[in-house]
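All remarks here apply to the structure that follows.
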Amino acid sequence: MGSRQISAQLGNRVQLGSQYMNSCMIEVAVGVLLREVNGEADAPTVNCTLRGQCTYGSFLLAQRPEGKSYAGFWEFPGGKVEEGETLLQALERELHEELGIKIATAYPWLTRLHIYTHATVRLNFFRITVWQGELHGKENQQLSWQTPSNLTISPVLPANIFVLRALQFPPLYAISNAAELGSEKFMERLQVALENGLKLVQMREPVLSREAMRELSLRVVQLAHIYGAQVLINSDIELANEIGADGVHLNSTQLAACNSRPSLTWCAASCHNADELQRANNLGFDFVVLSPVLPTRSHPDATHLGWQAFATMAANSAIPVFALGGLCCDDMEKAWLHGAHGIAMLHQAW
């Protein structure tokens with residue numbers, strides 16, 4: 001995919017730099033370069049047959065050279081958006097100047113406001129999966145490939161630290177479906193999915209009694225942890241703590257009533273509009289699910305967001321946004337192009 005194709009598909013998202021630039025705000029375009037464990041840069045895929053997931057093994061950080069503010073700190077490469085540039089144009093220029101590469105494939109991702117003592121900046125992050133040219137530090141800056149679970153360099157630029165947490169999430173968020181499949185068949189399907197790389201599961205079984213939910217969720221957590229996967233419990237913070245789950249996933253009603261982030265390792269929420277998404281950001285949640293993107297099997301005639309509205313909302317989020325509603329794994333690429341971190345699935349996940 002060439003740069004012109006990327007620009008066309010990102011649409012309004014890449015225009016934010018020129019539209020919102022003003023004297024009080026510095027727009028910055030930032031690239032999160034990703035590569036697989038073997039060092040090859042290529043787009044990740046989700047295997048629909050095996051329900052597996054490819055997540056990148058490492059990302060690139062660059063050390064700020066002497067003479068710049070925060071010299072010696074590590075950061076994701078990028079720079080200021082000049083007048084008349086889109087975000088993507090600015091990023092292409094900056095990465096060519098800094099690293100000697102040309103972007104081939106990039107996806108809009110996170111946007112975060114950061115206030116320094118000398119300036120207020122809006123950081124617009126793109127995930128870059130394919131590039132051309134030999135990557136090297138053209139400004140004699142040090143470069144380092146790192147992994148989210150084993151960061152070996154420091155200090156990291158304060159405005160970039162939140163990205164390290166976001167990079168820990170895989171692109172597929174599977175929602176349990178034991179009510180339809182039956183508990184035993186669901187556990188069989190879960191094990192197959194875990195064997196093929198599933199790393200993030202939400203336990204959501206509203207028709208089960210609390211005791212039945214506790215029993216099934218405990219089995220799921222124990223099995224998932226064997227494979228290094230994480231489990232979030234829908235709606236029940238107490239149950240999540242009780243069974244040693246990794247976090248909780250609140251519904252939109254609970255999010256509205258929430259005054260602070262629950263004290264679990266991971267906290268997610270279901271959102272259906274921009275206000276709910278902003279609330280989750282303000283409370284410091286780790287990620288959200290935004291839905292419904294497309295008509296769903298259970299509610300085919302219900303109002304849905306559509307991809308453009310989804311992209312507009314996701315463009316303002318500093319935390320990962322998963323797309324949900326009427327999707328299958330073949331929609332992953334489209335979701336990335338519209339600013340999603342990945343997709344969440346119920347029926348299609350199993």
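Everything numeric here is computed off the predicted structure, so don't read it as measured data. The figures here come from the full heavy-atom set of this structure, side chains too, leaving out hydrogens, waters and symmetry mates.
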Non-hydrogen atoms of Ala240 and Leu264 that approach each other most closely: CB-CD2, 3.6 Å
SB check Arg214 Glu242 (cutoff 4.0 Å): yes
Tyr227 ring center near His225 ring center (under 6.0 Å): no
Geometric class of the His341/Phe169 ring pair [parallel <30°, tilted 30-60°, perpendicular >60°]: perpendicular
Evaluation steps, salt bridge (charged side-chain N to carboxylate O under 4.0 Å, His left out), between Glu27 and Arg122: CA-CA 5 Å; Glu27 292 284 353; Arg122 179 158 44 206; 2.5 Å; yes
Of Cys271, Pro206, Ser235, the residue whose pairing with Asn251 passes side-chain contact (heavy atoms from CB on, under 4.5 Å): Ser235
Common cluster, Val207/Met213, ILVMFWY with side-chain heavy-atom separation under 4.5 Å: no
Candidate pair Glu184 and Arg219, rule salt bridge (charged side-chain N to carboxylate O under 4.0 Å, His left out), full reasoning: CA-CA 11 Å; Glu184 295 312 312; Arg219 293 175 65 191; 2.9 Å; yes
Heavy-atom donor-acceptor pair, Asp331 side chain to Leu327 backbone, under 3.5 Å: no
Rounded distance [0.5 Å steps], CZ in Arg204 versus CG in Leu346: 7.5 Å
Aromatic centroids of Tyr107 and Phe126 separated by under 6.0 Å: no
Salt-bridge contact Glu180-Arg297 (side-chain N to carboxylate O under 4.0 Å): yes
side-chain hydrogen bond (donor to acceptor under 3.5 Å, both in side chains) against Asn282, all qualifying residues, sequence neighbours excluded: Gln278
Inter- and intrachain pairs under ring pair (Phe, Tyr, Trp, His ring centres under 6.0 Å), touching residues 242-261, at least two apart: Tyr173-His249
From CA spacing to verdict: salt bridge (charged side-chain N to carboxylate O under 4.0 Å, His left out), Glu92, Lys102: CA-CA 6 Å; Glu92 288 177 325; Lys102 180 179 180 181; over 6 Å; no
Heavy-atom neighbours of Gln132 CD exceed 12 at 6.0 Å: yes
Donor-acceptor contact below 3.5 Å, side chain His304 vs main chain Gly325: no
Ile115 atom CD1, neighbour heavy-atom count above 12 within 6.0 Å: no
Under 3.5 Å side-chain donor-acceptor pair for Thr111 and Asn316: no
Close aromatic pair by centroid cut-off 6.0 Å: Phe186 and Trp350: yes
Pairs flagged by salt bridge (Lys or Arg N to Asp or Glu O under 4.0 Å) wherever residues 245-269 is involved - sequence neighbours left out: Arg261-Asp286
Arg112 charged N/C atom sitting above Phe162 aromatic ring, 6.0 Å / 45°: yes
Ser154 side-chain N/O to Val156 backbone N/O, donor-acceptor pair under 3.5 Å: no
Intermediate values then yes/no, salt bridge (charged side-chain N to carboxylate O under 4.0 Å, His left out), Arg210 and Glu215: CA-CA 9 Å; Arg210 193 177 190 279; Glu215 181 182 341; over 6 Å; no
Side-chain heavy-atom pair Ser144, Gln63 within 4.5 angstrom cut-off: no
Side chains of Ser209 and Glu211, donor plus acceptor under 3.5 Å: no
Under 3.5 Å side-chain donor-acceptor pair for Ser176 and Glu205: yes
Salt bridge Glu75-Arg64, side-chain N to carboxylate O under 4.0 Å: yes
Any donor-acceptor N or O pair under 3.5 Å, side chains Thr152, Gln146: yes
Within 6.0 Å of CZ in Arg127, more than 12 heavy atoms from elsewhere: yes
